[in-house]
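These notes concern the structure reproduced below.
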Amino acid sequence: METRNIFENLSCIDHRYSVSEEAEQFALLSAYISEQASIRSMAKCEAALVKAHLTVRGTLTDDIAKTLDQVAANIDPEEVYAEEAKTKHNVRALVNVMKTKVDEKIGPFIHLGATSVDILDTALSCRMRDVTKNVVLPELKKLEQQLCAIAERDCAIPQVGRTHGQHAVPITFGWSIAEFVSRLGKSILRIEELSDQLVGKLAGPVGSYNGPSMIVKDPEELERIYTEFLGLKPSEYSNQLVEPEYLLRLLLEMNVAFGIIANLADDLRNLQRSEIGEVFEYFASTQVGSSTMPQKRNPWNSEHVKSLWKAMCPRVITFYMDQISEHQRDLTNSASQRFIADYVSGFVMAVARMNRVVSGLQADKEGMARNLQGAGGKVKGGVLAEPAYILLGEAGYNDGHEVIRKITLEAEESGKTFFEVLKTHEKEFKDITAQLEKLGVENPAQFFENPANYCGLAATKSKRLALKYKELCK
């Protein structure tokens, strides 16, 4: 087959990504969802159909099965395309080519009783199952394991929490990563479950087994044998198409995972801002951050993940639109469904890029400590206003929130820290300290001196979630 110069390709997936950082992932994806893989997966379905017919007749031998498998695995896409130029029909072209590759006694069983979509939809289920299990899930689980390691390793590193872009109460860096451990972990498990639920069919042009009923007494048994050879189960109901919701749900869950990863990329990118400086990702000694500013170390990998998500996420609309087919079938999904391969490729490449980001990700402990110590807006240490008012409430103060609000205003006007001003309110400080003593807090009188003292269960839950999903996503 003539090989086109990759730089003459139209899709960036086939030139920029096939030779770049994602070259390894491109090769893995190609084995399952390239055009060659598509044609050979259909040939595998045709071979399974022949084996099913021969099984029913009691004439299938190991040698015949082996021959059929070899024919399917080595079908030449160029030969099929050449035949399609004559037939103007891709499945009929494949059938014609396969008939020339097998004994004439077996030839009549190729495509016998099937309609094109019995092969097309079943083959698509096979490809999506295989690419999910062999490429998508391993890449996702690698990312999940790396996130688990960070959440466990950095479970106790204090960090300022943020809501609405403003300083909130203290957390730990492990806790901020544990969010994605939990969210992504659940999505991974769901993707795995949905990939196991993909189905096939051998039910004829409108799904009512008209053709197969002319061949065998029990068409559903023939269908069961056919799909079993492919490691699938038959669809409970099908017209000419397999019910689209099986594949739709899998693709939608991939998009859920994609959004979680894009969210992670966004958070990591923001934490690398010069004015925040709380994390840093690996930067090679030969790497260039800017074409004109040599000092820059742009978080370009995280930005790249977000950019891929922007390109691929809207394709979910097309997946929904492919859910609708007129009556028993129309061809309005014929072109659009082909772009599923692009979506899966973009998703896997984003996950792979995120894997590289987190593999070298480090918390800047000094930066986190500096930001936390100065957190609270105009009131240094103001992030500890919450525990102060809660402890006053526990001490019986009906207006604890108002008391602490005025103390924060006093600190803002004086330029003193929250702790310094709080101590001057002797009665309130004494009552707060007494409540801390009841809780068994070490050095209660110094509790408000360091915001890192107020991290709740962040470290405990970070570690717990890391261990849980490390085990679940092995």
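This chain uses plain numbering: 1 for the first residue, then up along the sequence.
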D330/T332 under side chain to side chain donor-acceptor pair (under 3.5 Å): CA gap, chis, key distance, verdict: CA-CA 6 Å; D330 62 39; T332 56; 2.6 Å; yes
Candidate pair D154 and I177, rule side-chain contact (heavy atoms from CB on, under 4.5 Å), full reasoning: CA-CA 9 Å; D154 297 343; I177 296 299; over 6 Å; no
Steps toward side chain to side chain donor-acceptor pair (under 3.5 Å) verdict (Y81, E35): CA-CA 11 Å; Y81 262 53; E35 183 63 2; 2.7 Å; yes
E193 vs R249, salt bridge (Lys or Arg N to Asp or Glu O under 4.0 Å): CA-CA, chis, key distance, verdict: CA-CA 11 Å; E193 179 185 3; R249 291 187 181 103; over 6 Å; no
M128 vs L198, side-chain contact (heavy atoms from CB on, under 4.5 Å): CA-CA, chis, key distance, verdict: CA-CA 8 Å; M128 287 302 298; L198 293 173; 3.9 Å; yes
side-chain contact (heavy atoms from CB on, under 4.5 Å) between S176 and D267, intermediate numbers included: CA-CA 9 Å; S176 64; D267 276 11; over 6 Å; no
Check against side chain to side chain donor-acceptor pair (under 3.5 Å), R92 and T87: CA-CA 7 Å; R92 195 69 235 177; T87 64; over 6 Å; no
side-chain contact (heavy atoms from CB on, under 4.5 Å) between E243 and S238, worked out: CA-CA 6 Å; E243 290 176 80; S238 54; 5.7 Å; no
Test log, rule ring pair (Phe, Tyr, Trp, His ring centres under 6.0 Å), inputs Y389 and H401: CA-CA 5 Å; Y389 113 77; H401 189 282; 5.1 Å; yes
Trace of the side chain to side chain donor-acceptor pair (under 3.5 Å) decision for N255 with Y343: CA-CA 9 Å; N255 210 54; Y343 175 84; 2.7 Å; yes
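The shortest distance between side-chain heavy atoms of T227 and V199 does not fall below 4.5 Å. Taking the side chain as every heavy atom from C-beta outward, L251 and L248 never approach each other to under 4.5 Å. P234 is not listed as a side-chain neighbour of Y226, based on a closest heavy-atom distance of 4.5 Å or more. You'll find the side chain of I261 stays beyond 4.5 Å of the side chain of W309, heavy atoms only. Proximity of F419 to Q446: side-chain heavy atoms (C-beta onward) are separated by under 4.5 Å at one or more points. Using a 4.5 Å heavy-atom threshold, the side chains of D14 and I6 count as separate. Counting heavy atoms from C-beta outward, L391 and L439 have side chains that approach closer than 4.5 Å. Residues M349 and I13 have side chains in contact (heavy-atom distance under 4.5 Å, counting atoms from C-beta outward).
Taken to the nearest 0.5 Å, the CD atom of E24 stands 10.5 Å off from the CG atom of L29. Distance NZ/K186 to CD1/I191: 13.5 Å, rounded to 0.5 Å. Interatomic distance, CG of N333 versus CG of L120, reported as 9.5 Å (0.5 Å rounding). Rounded to the nearest 0.5 Å, atoms CG (L361) and CG (N301) are 11.5 Å apart. Atoms CZ and CD1, from F448 and I432 in turn, are 5.0 Å apart once rounded to the nearest 0.5 Å. Rounding to the nearest 0.5 Å gives a distance of 9.0 Å between CG of N270 and CD of E275.
Of all heavy-atom pairs between H304 and Y17, the closest is NE2-OH, 3.2 Å. Considering every non-hydrogen atom in both S462 and T172, the closest pair reads OG-OG1, 4.0 Å. When all heavy atoms are compared, the tightest approach of V358 to I150 is O-CD1, 3.8 Å. Listed here is the closest heavy atom pair of C473 and L189: SG-CD2, 4.4 Å. Across all non-hydrogen atoms, the minimal contact from K470 to K474 is O-CG, 3.3 Å. Listed here is the closest heavy atom pair of I404 and A385: CG2-O, 3.6 Å.
For the residue pair S302/K306, the side-chain donor-acceptor check at 3.5 Å is not satisfied.
A salt bridge links R356 with E22; the closest basic N to acidic carboxylate O contact falls under 4.0 Å. Ion pairing between a basic and an acidic side chain is recognised when a charged N comes within 4.0 Å of a carboxylate O; R40 and E46 show no such pairing. Using a 4.0 Å cut-off between charged nitrogen and carboxylate oxygen, R129 and D196 do not count as a salt-bridge pair. A salt bridge is defined here as a Lys NZ or Arg NE, NH1 or NH2 lying under 4.0 Å from an Asp or Glu carboxylate O, and R183 with E179 meets this definition. Between D130 and R127, none of the side-chain N atoms (NZ, or NE/NH1/NH2) sits under 4.0 Å from a carboxylate O, so this pair counts as no salt bridge.
A donor-acceptor contact shorter than 3.5 Å links the side chain of K201 to the backbone of Q240. At distances below 3.5 Å, not a single donor-acceptor pair connects side-chain atoms of S334 with backbone N or O atoms of L331. Distance alone, capped at 3.5 Å, places no donor-acceptor pair between the N9 side chain and the H15 backbone. The backbone N or O of V242 lies less than 3.5 Å from a partner atom in the side chain of D121, making a donor-acceptor pair. Proximity of a side-chain donor or acceptor of S41 to a complementary backbone N or O of S38 within less than 3.5 Å is detected. A donor-acceptor pair under 3.5 Å is absent between the side-chain atoms of N74 and the main chain of V71, judged by distance alone. Proximity of a side-chain donor or acceptor of T115 to a complementary backbone N or O of D118 within less than 3.5 Å is not detected. Counting only distance, with no hydrogens or angles, the side chain of S20 and the backbone of R16 share a donor-acceptor pair below 3.5 Å. In this structure a side-chain-to-backbone donor-acceptor pair under 3.5 Å is present from S414 to K416.
K468 NZ: 12 or fewer foreign heavy atoms inside a 6.0 Å radius. Enclosure of atom CZ in F339 is not indicated, since only 12 or fewer non-hydrogen atoms of other residues, nucleotides or ligands lie within 6.0 angstrom. Residue E8 qualifies as enclosed at atom CD: its count of foreign heavy atoms under 6.0 Å is above 12. No more than 12 heavy atoms of other residues, nucleotides or ligands shown are found within 6.0 angstrom of NZ on K463. Crowding of R329 atom CZ: a count of heavy atoms from other residues, nucleotides or ligands under 6.0 Å exceeding 12.
Ring geometry, F347 versus F258: the interplanar angle falls from 30° to 60°, so the pair is classed tilted.
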Just list the side-chain donor-acceptor pairs under 3.5 Å for residues 371-383, sequence neighbours left out, or say none.
unit_1 : atom_1 : unit_2 : atom_2 : d
N371   : ND2    : I276   : O      : 2.8
N371   : ND2    : E278   : OE2    : 2.8
N371   : ND2    : G367   : O      : 3.4
Q373   : NE2    : E449   : O      : 3.4

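For the side-chain hydrogen bond (donor to acceptor under 3.5 Å, both in side chains) criterion with N355, the lone passing option out of E144, Q146, Q145 is Q146.
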